[in-house]
Structures are given as structure tokens and as C-alpha cells.
Amino acid sequence: MDVLQLKDKNIVVMGVANERSIAWGVAKKLLEVGANVIFTYRKERSKGKIDKVLADYTEYNTDVVQCDVNSDESIANAFSEIGEKYGAIHGIVHSVAFANAEDLHNRFVETTRDGYAFAQDTSAYSLVAVAKAARPYMSEGGSIVTMTYLGAERVLEGYNVMGVAKAALEASTRYLAYDLGAEGIRVNAISAGAIRTLAAKGVPSFNTILHMIEEKSPLKRNVTSEEVANMTMVMLSNLSSGVTGEIIYVDSGYNIMG
């Protein structure tokens, strides 16, 4: 019995940077269970990276669509293209976040106005804009899953403006869950532990955080991208049909420690 029931479902995956991306870990699992996976990319360079990771997956049902999350027009075009081609969208994995390097390396108090706005726009507002554009095509209900991090609620050195953007993302998750629930659309966030991704390289204290999790978390180890992908699959599937507006931690229990 296929408990996930994701075979032939149309799932949009946003934010694959390379084969180490959390989004790619999720996409791989989706392909393995027979879902149709539509990848979005921002610029041509990003498309090249997606094409590269898909080279070994030519026999699977995939599609690649341009979508710049900083542009309402681009988001609208992307989702109308996906919706018209596939008829219905059953799920979205929103794994998109970005901040200027200087705003991560400087102290938070030195964050520029433009840098603050850019981090919020890319990392938090993009979820709202995507939900709005996808909503007409999620006529059968569905699940939207975004990726967050403990820096949204606690000060993690070097996370700075991204922590504030993730806090906005988590609040957006709750308000979207409320707005879309009556339409059968669930919105949840996965708070993943520290994983060596391209994005993590931008956080100066990343190695320190890895060691702290090994030392202090109940499981005494860091999590893998596969573990994050497994929980994301549950949140995309009907196994989590009664769950919305939640932040689900996949971090070896680190978040519960004082």
C-alpha cells in the first residue's frame, strides 16, 4: 500500500541550487515515489544546475520552469504555465531564501535598509506571493511546505538578517494556513537542523553550530538532508492531513534544549 499517495501528483519544487540542496533531497524522494516534479529556477545559471542534477533522472516525470521570486509578474507567469499544463498543483516545496553577504557578515545592528528589505522579500514574502499565484490551481486542495531554521526564534550568531526573515516566514506560514485552510490547502514549515548546503556556507558560525548540535541535542548528532526530505514527504502527503500552520523541527531535538 502506498501510504504517501504521491504517485502522479504534481509537485512544484523551488530552490534547488545543487545536489546538496535540501530541495533536491526532497525532489529525489518525490521522483522515486512517482510524483511529477516541476522545478523552478531564477536565472539561466540556476537552470544549468538543475539540468545537471536531473541528468541521471531522464526517465522520470520532470519539468523546469523559470520563476524569479522577486517579481510578481514572473511568479504569475510561472504558475499559470504550470497550472495550464498540469491542470492541478497538489503540492509546493518552497526552499527559497537569500540575503546579501555583507548583511550576514556584519553585525545585525549594521543591516542596511535595502539589505533588510531584500532578505524579507526573497525569503518571506516570496511564500505569500507563491501561495497567491498557485492557489487557483490548487483546486483539489494540497500542501505547501516551506523551509525555516531555529534562527527565526533564537539568536544564532552570524544568522542576523536571515533570522529575522525566517521569523517573518514562520508568521506568514500561520496566516496563510488560516487563509487557505477552508480551501483544503495546508501550509507548514520544516525547521531543519544544520546541514552543509550552499546556503549554509554563507553563515560564518556554521561549523560551531554543527558541533553544538552534536554535543547538546538529545540524539547527539546532526541530521541528514534525507531525514529532512522524509519529513517533508510526510507533510506533502495525506499522512499529515490534519496538520497545518505548524513549524516541524527536524533537528535531532536541539530546539528543545535550554
Side-chain angles (χ1 to χ4, degrees), residues 11-17 21-23 26 38-43 46 65-83 89 91-104 106 108 111-138 142-153 156 159-181 183 185-192 197-200 202-203 232 235 244-248:
I11 314 288
V12 180
V13 175
M14 313 181 74
V16 172
S21 300
I22 289 174
V26 178
I38 303 102
F39 296 86
T40 69
Y41 68 94
R42 186 169 174 232
K43 293 183 175 171
S46 314
V65 174
Q66 199 270 335
C67 180
D68 179 355
V69 298
N70 297 111
S71 159
D72 286 336
E73 185 183 6
S74 180
I75 294 169
N77 289 342
F79 280 91
S80 62
E81 181 183 333
I82 294 165
I89 295 170
I92 298 170
V93 178
H94 174 275
S95 186
V96 180
F98 199 80
N100 294 327
E102 61 267 25
D103 290 315
L104 291 173
N106 293 339
F108 177 66
T111 306
T112 63
R113 184 181 296 273
D114 286 347
Y116 186 96
F118 179 62
Q120 288 284 347
D121 187 55
T122 310
S123 313
Y125 181 73
S126 61
L127 178 69
V128 183
V130 162
K132 182 180 177 183
R135 182 183 165 207
Y137 305 104
M138 297 185 80
S143 174
I144 300 173
V145 182
T146 189
M147 296 295 163
T148 186
Y149 185 53
L150 188 60
E153 56 180 286
L156 294 174
Y159 206 55
N160 300 347
V161 71
M162 187 56 80
V164 178
K166 290 293 190 187
L169 178 71
E170 291 186 6
S172 300
T173 297
R174 291 186 284 271
Y175 279 95
L176 288 170
Y178 174 72
D179 274 0
L180 303 178
E183 296 165 41
I185 300 170
R186 299 182 295 109
V187 189
N188 292 286
I190 303 277
S191 185
T197 61
L198 195 63
V203 180
T232 307
M235 299 315 297
T244 194
E246 293 293 338
I247 314 301
I248 294 103

How long is the gap from OH on Tyr175 to CG on Leu180, to the nearest 0.5 Å?
14.5 Å
Where Ala192 and Ile22 come nearest, the two heavy atoms and their spacing:
CB-CD1, 4.1 Å
With a 4.5 Å limit on heavy-atom distance, are the side chains of Val164 and Tyr116 in contact?
yes
Atom of Lys166, atom of Ala97 and distance for their closest heavy-atom approach
NZ-CB, 3.7 Å
Could you check whether any side-chain heavy atom of Ile190 comes within less than 4.5 Å of a side-chain heavy atom of Thr148, counting everything from C-beta outward?
no
One pair to check against ring pair (Phe, Tyr, Trp, His ring centres under 6.0 Å): Tyr159 and Tyr149. What are the steps and the verdict?
CA-CA 10 Å; Tyr159 206 55; Tyr149 185 53; 5.0 Å; yes
Taking the side chain as every heavy atom from C-beta outward, state whether Asp68 and Gln66 have any atom pair closer than 4.5 Å.
yes
Audit row: Val12, Ile89, side-chain contact (heavy atoms from CB on, under 4.5 Å) steps and yes/no:
CA-CA 8 Å; Val12 180; Ile89 295 170; 4.1 Å; yes
CG of Asn100 to CE of Met162: how many Å apart, nearest 0.5 Å?
9.5 Å
Do side-chain atoms of Asn160 reach the backbone of Leu104 as a donor and acceptor pair under 3.5 angstrom?
yes
Test item: Ser80 and Tyr137 side chains (from C-beta on) under 4.5 Å apart, heavy atoms
yes
Could you check if a side-chain atom of Thr232 sits within less than 4.5 angstrom of a side-chain atom of Met147, using non-hydrogen atoms only?
yes
Please name the pair of heavy atoms, one in Ala119 and one in Ala165, separated by the smallest distance, quoted to 0.1 Å.
O-CB, 3.8 Å
Is there a side-chain contact between Met138 and Ile92 in this structure, where contact means two heavy atoms from C-beta onward sitting under 4.5 Å apart?
yes
To check you understand the geometry: which heavy-atom pair defines the closest contact between Ser126 and Val69, and what is its length?
CB-CB, 3.7 Å
Checking side-chain contact (heavy atoms from CB on, under 4.5 Å) between Ile144 and each of Asn188, Leu127, Thr244, which is the one that passes?
Leu127
First locate atom OG1 of Thr111, then atom CD of Glu102, and finally report the distance between them rounded to the nearest 0.5 Å.
10.0 Å
Is there a donor-acceptor contact under 3.5 Å from the side chain of Arg174 to the main chain of Ile247?
no
Gap separating the CG atom of Asp121 from the CG atom of Asp114, nearest 0.5 angstrom:
11.5 Å
Ser123 (side chain) donor-acceptor with Gln120 (main chain) under 3.5 angstrom:
no
In this structure, OG of Ser191 is separated from CG of Leu169 (nearest 0.5 Å) by 10.0 Å
Using the side-chain contact (heavy atoms from CB on, under 4.5 Å) rule, pick out the option among Ile38, Val130, Thr146 that qualifies with Met14.
Val130
To the nearest 0.5 Å, how far apart are SG in Cys67 and CD in Glu81?
10.0 Å
For the residue pair Arg135 and Glu183, establish whether any side-chain heavy-atom pair is separated by less than 4.5 Å.
yes
Indicate whether the side chain of Asn70 and that of Thr122 have a donor and an acceptor atom separated by less than 3.5 Å.
yes
